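Owing to the predicted nature of the structure, the values given are computational and were not obtained by experimental measurement. The first residue in the sequence is number 1, and the count goes up from there.
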Amino acid sequence: GKSGDANSDAVIDKILSPLFKSSSTAVYKNLCGEYYTSTAFALWLAYSILKTGKIPAEIIDQDRGRDIKTILIYNPYFKEHHSLVLLSSE
């Protein structure tokens, strides 16, 4: 859910980095922009990633080289509305 805003992205990093140290991370708002239902775009993208097993190079934030079996989508829309969606291929 990083939007490119340095302040918002720093908060996301502070929260998620310690929790997901060994996980690959990716961004999606660079492809679709910031809007109220961008989680729907992220859901489609996550499904595509689980189906192919590959993260598009344009969205990789950190690649840990692990197989992709589970994706957590986190969207903090302007620091007010938060959504979490968990997808699994198993």
Side-chain angles (χ1 to χ4, degrees):
K2 291 183 181 181
S3 66
D5 174 62
N7 292 330
S8 298
D9 293 351
V11 172
I12 293 171
D13 286 336
K14 185 176 181 180
I15 294 168
L16 298 181
S17 293
L19 298 173
F20 299 100
K21 290 179 184 176
S22 63
S23 299
S24 295
T25 57
V27 297
Y28 64 91
K29 290 182 181 176
N30 60 318
L31 299 178
C32 69
E34 175 75 273
Y35 58 98
Y36 194 68
T37 57
S38 65
T39 302
F41 177 85
L43 184 62
W44 166 81
L45 183 59
Y47 167 78
S48 299
I49 292 168
L50 287 173
K51 187 174 180 180
T52 63
K54 298 183 191 303
I55 303 172
E58 302 83 20
I59 66 167
I60 293 175
D61 189 33
Q62 293 182 333
D63 186 358
R64 302 293 188 206
R66 299 173 60 195
D67 288 341
I68 304 161
K69 296 180 182 176
T70 305
I71 296 176
L72 175 65
I73 300 168
Y74 173 50
N75 182 17
Y77 181 68
F78 290 115
K79 300 181 189 177
E80 291 184 25
H81 305 282
H82 300 261
S83 63
L84 295 165
V85 179
L86 183 64
L87 287 87
S88 177
S89 63
E90 296 179 347

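In this view, Thr39 and Asn75, Ser83 satisfy the side chain to side chain donor-acceptor pair (under 3.5 Å) rule, not counting sequence neighbours. In this view, Ile68 and Ile49, Leu50, Ile55, Ile71 satisfy the side-chain contact (heavy atoms from CB on, under 4.5 Å) rule, not counting sequence neighbours. For Thr52, there are no side chain to side chain donor-acceptor pair (under 3.5 Å) partners two or more places apart in sequence or in a different chain. For Thr70, the side chain to side chain donor-acceptor pair (under 3.5 Å) test picks out no residue, with sequence neighbours left out. Under the side-chain contact (heavy atoms from CB on, under 4.5 Å) criterion, Ser23 pairs with Phe20, Arg66, not counting sequence neighbours.
Note: the hydrophobic cluster containing Leu31 also contains Leu43 (ILVMFWY, side chain heavy atoms under 4.5 Å, direct or indirect links). Cluster membership for Ile60 and Leu45, using ILVMFWY side-chain heavy atoms within less than 4.5 angstrom, is shared.
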>> Checking Phe41 against Trp44 for the ring pair (Phe, Tyr, Trp, His ring centres under 6.0 Å) test, could you report, in this order, the C-alpha distance in whole Å, the side-chain angles of both residues, the deciding distance, and whether it holds?
In response: CA-CA 5 Å; Phe41 177 85; Trp44 166 81; 5.6 Å; yes
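Between the OG atom in Ser48 and the NZ atom in Lys54 there is a gap of 14.0 Å [rounded to 0.5 Å].
Shortest non-hydrogen contact noted between Ser24 and Gly65 is OG-N, 3.9 Å.
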